[in-house]
Enquirer: 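Structure below; questions to follow.
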Amino acid sequence: MKQQTFSDYEYANRRRRTRREIFLDTMEELIPWEEWTEWIRPHYPSGKRGRPPKDLETMLRMYLLQNWFLLSGEGIEDAIYDSYALRSFMHIDFFEEQVPDATTLLKFRQLLERHGIGEKIQADLNSRLEKKGFVLLSGSMVDAAIVATPDAVRES
């Protein structure tokens, strides 16, 4: 278990959770992280040559954040540094590592596109959301949200 920082303690003391935190917590629970990383692993650099690759799940998390909040590579990199909620979702501990840079994310995105994995992930996510009665609305950092579909509202 990682040691708590002063920021962790301070953040835990706030009065309410933000919409962004609720969204990210929902996605954390919904996404089958091991399954999705196994889809990517055969195509991901092993680290036997060149620089050691970034952790695969870390890259997947950053890729998803970029898609959900419609940010550039540099934009999501900055947002992770700036937002405790995004950093928590990324499982980044600045004592041990830094946020992957925009170029690393671009190469990861290209790898997923080259092998059709990004589309497979999006289809699987949409299916999982639909089964729960949700639809994903991507948007700016302010308004990305999961909303109940009309059928889910009627069933409540």
Side-chain angles (χ1 to χ4, degrees), residues 1-4 8 11-12 17-48 52-73 75-77 79-81 83-94 96-156:
M1 181 177 204
K2 88 171 192 156
Q3 183 175 348
Q4 295 242 312
D8 295 330
Y11 204 71
R17 292 173 58 219
T18 64
R19 287 180 20 203
R20 185 181 308 151
E21 287 175 295
I22 294 166
F23 169 79
L24 293 173
D25 288 346
T26 301
M27 297 310 257
E28 181 73 47
E29 293 173 17
L30 186 69
I31 292 173
W33 296 105
E34 286 185 34
E35 180 180 342
W36 286 8
T37 56
E38 287 309 311
W39 291 350
I40 302 165
R41 193 170 313 283
H43 311 286
Y44 199 63
S46 63
K48 292 179 182 172
K54 294 287 187 180
D55 178 70
L56 177 53
E57 187 174 316
T58 298
M59 293 307 303
L60 177 58
R61 287 172 180 276
M62 189 172 181
Y63 167 81
L64 292 170
L65 288 173
Q66 182 185 29
N67 287 331
W68 295 333
F69 296 111
L70 303 176
L71 293 169
S72 67
I76 194 61
E77 184 181 351
I80 293 166
Y81 277 114
S83 168
Y84 184 88
L86 296 182
R87 193 167 52 249
S88 294
F89 180 80
M90 288 283 298
H91 299 214
I92 293 278
D93 179 352
F94 289 146
E96 297 177 14
E97 64 183 314
Q98 297 297 304
V99 175
D101 64 41
T103 302
T104 303
L105 179 60
L106 174 63
K107 290 178 182 177
F108 184 77
R109 172 181 288 286
Q110 290 170 339
L111 177 135
L112 296 185
E113 289 172 2
R114 193 168 43 251
H115 298 286
I117 299 169
E119 292 171 359
K120 185 175 178 181
I121 286 171
Q122 189 61 51
D124 189 52
L125 178 59
N126 289 341
S127 172
R128 290 170 187 280
L129 287 167
E130 190 177 306
K131 287 177 186 170
K132 296 248 183 216
F134 294 125
V135 64
L136 178 63
L137 302 175
S138 294
S140 69
M141 283 294 288
V142 176
D143 67 4
I146 296 175
V147 295
T149 59
D151 291 337
V153 172
R154 278 186 245 134
E155 293 173 7
S156 304

Enquirer: Can you see which heavy atom on T37 is nearest to which on L56, and at what distance?
Expert: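 Minimum heavy-atom contact is O-CD2, 3.3 Å.
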Enquirer: Evaluate the side-chain proximity of W39 to H115: yes if any heavy-atom separation is below 4.5 Å, no if none is.
Expert: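 H115 does not reach W39 side chain to side chain.
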Enquirer: Using the salt bridge (Lys or Arg N to Asp or Glu O under 4.0 Å) rule, collect all pairs that involve residues 113-123, keeping only residues at least two apart or in two chains.
Expert: R109-E113
Enquirer: Can a side-chain donor-acceptor contact be found between N126 and Q122 if the only test is distance below 3.5 angstrom?
Expert: yes
Enquirer: Side chains of E130 and F134: does their closest heavy-atom pair fall under 4.5 Å?
Expert: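 Counting from C-beta outward, E130 and F134 never come under 4.5 Å.
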Enquirer: Do any N or O atoms from the side chain of E77 and from the backbone of A102 form a donor-acceptor pair under 3.5 angstrom?
Expert: yes
Enquirer: Considering non-hydrogen atoms only, spot the tightest contact between S72 and G75 and give its length.
Expert: OG-N, 2.9 Å
Enquirer: Can you run down the salt bridge (Lys or Arg N to Asp or Glu O under 4.0 Å) pairs that involve residues 61-72, sequence neighbours left out, and say none if there aren't any?
Expert: E28-R61, E57-R61
Enquirer: Atom OG1 of T58 and atom NE2 of H91: how far apart are they, to the nearest 0.5 Å?
Expert: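 So the OG1 of T58 and the NE2 of H91 are separated by 8.5 Å.
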Enquirer: As an exercise, state the distance from CH2 of W33 to CE of M27, rounded to the nearest 0.5 Å.
Expert: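 It is 8.0 Å, given to the nearest 0.5 Å.
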Enquirer: Just wondering, are more than 12 heavy atoms of other shown residues or ligands nearer than 6.0 Å to CD in E34?
Expert: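 It does not: E34 CD has 12 such atoms or fewer within range.
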Enquirer: Just to verify, what does E38 make a salt bridge (charged side-chain N to carboxylate O under 4.0 Å, His left out) with, not counting sequence neighbours?
Expert: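 Salt bridge (charged side-chain N to carboxylate O under 4.0 Å, His left out) list for E38, sorted by chain: R41.
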Enquirer: Would you confirm whether the ring centroid of W36 sits within less than 6.0 angstrom of the ring centroid of Y63?
Expert: no
Enquirer: Pair K54, F108 - check side chain to side chain contact (heavy atoms under 4.5 Å, CB included), show working.
Expert: CA-CA 10 Å; K54 294 287 187 180; F108 184 77; over 6 Å; no
Enquirer: Checking Y84 against E21: is there a side-chain donor and acceptor pair closer than 3.5 Å?
Expert: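 No, Y84 and E21 have no side-chain donor paired with an acceptor closer than 3.5 Å.
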Enquirer: Rounded to the nearest 0.5 Å, what's the gap from CE on M90 to CG on D55? Could you check?
Expert: 9.0 Å
Enquirer: Heavy-atom distance under 4.5 Å between the side chains of L60 and I121, does that happen here?
Expert: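 Yes; the side chains approach each other to less than 4.5 Å.
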Enquirer: Distance from L65 atom CG to F69 atom CZ, nearest 0.5 Å?
Expert: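 Rounded to the nearest 0.5 Å, the CG-CZ separation comes out at 6.0 Å.
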Enquirer: To the nearest 0.5 angstrom, please state how far the CD1 atom of I76 sits from the CG atom of L70.
Expert: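 One gets 10.0 Å once the value is rounded to the nearest 0.5 Å.
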Enquirer: Once side-chain contact (heavy atoms from CB on, under 4.5 Å) is applied, do any residues pair with I22, and if so which ones, sequence neighbours excluded?
Expert: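 Testing I22 for side-chain contact (heavy atoms from CB on, under 4.5 Å), a comparison that skips the adjacent residues, returns R17, T26.
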Enquirer: Looking only at heavy atoms, which two atoms of L71 and A79 are closest? And how far apart?
Expert: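 So the minimum-distance heavy-atom pair works out to CD1-CB, 4.1 Å.
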Enquirer: Can you tell if the side chain of L30 reaches within under 4.5 Å of the side chain of L125, non-hydrogen atoms only?
Expert: yes
Enquirer: Just so I know, are the side chains of M59 and P53 near enough to count as touching, which here means a heavy-atom distance under 4.5 Å?
Expert: no
Enquirer: Check the orientation of Y81 and F94. Use parallel for under 30°, tilted for 30 to 60°, and perpendicular for over 60°.
Expert: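 Geometry flag for F94 against Y81: parallel rings.
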Enquirer: Which distance, rounded to the nearest 0.5 Å, do you find between the OG of S83 and the CG of L24?
Expert: 7.5 Å
Enquirer: Using the salt bridge (charged side-chain N to carboxylate O under 4.0 Å, His left out) criterion, which residues pair with D124? Sequence neighbours excluded.
Expert: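 Counting only residues at least two positions away or on another chain, D124 forms a salt bridge (charged side-chain N to carboxylate O under 4.0 Å, His left out) with R128.
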Enquirer: Looking at residues at least two apart in the chain, or sitting in another chain, which of them share a salt bridge (charged side-chain N to carboxylate O under 4.0 Å, His left out) with D101?
Expert: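 D101: no salt bridge (charged side-chain N to carboxylate O under 4.0 Å, His left out) contacts found.
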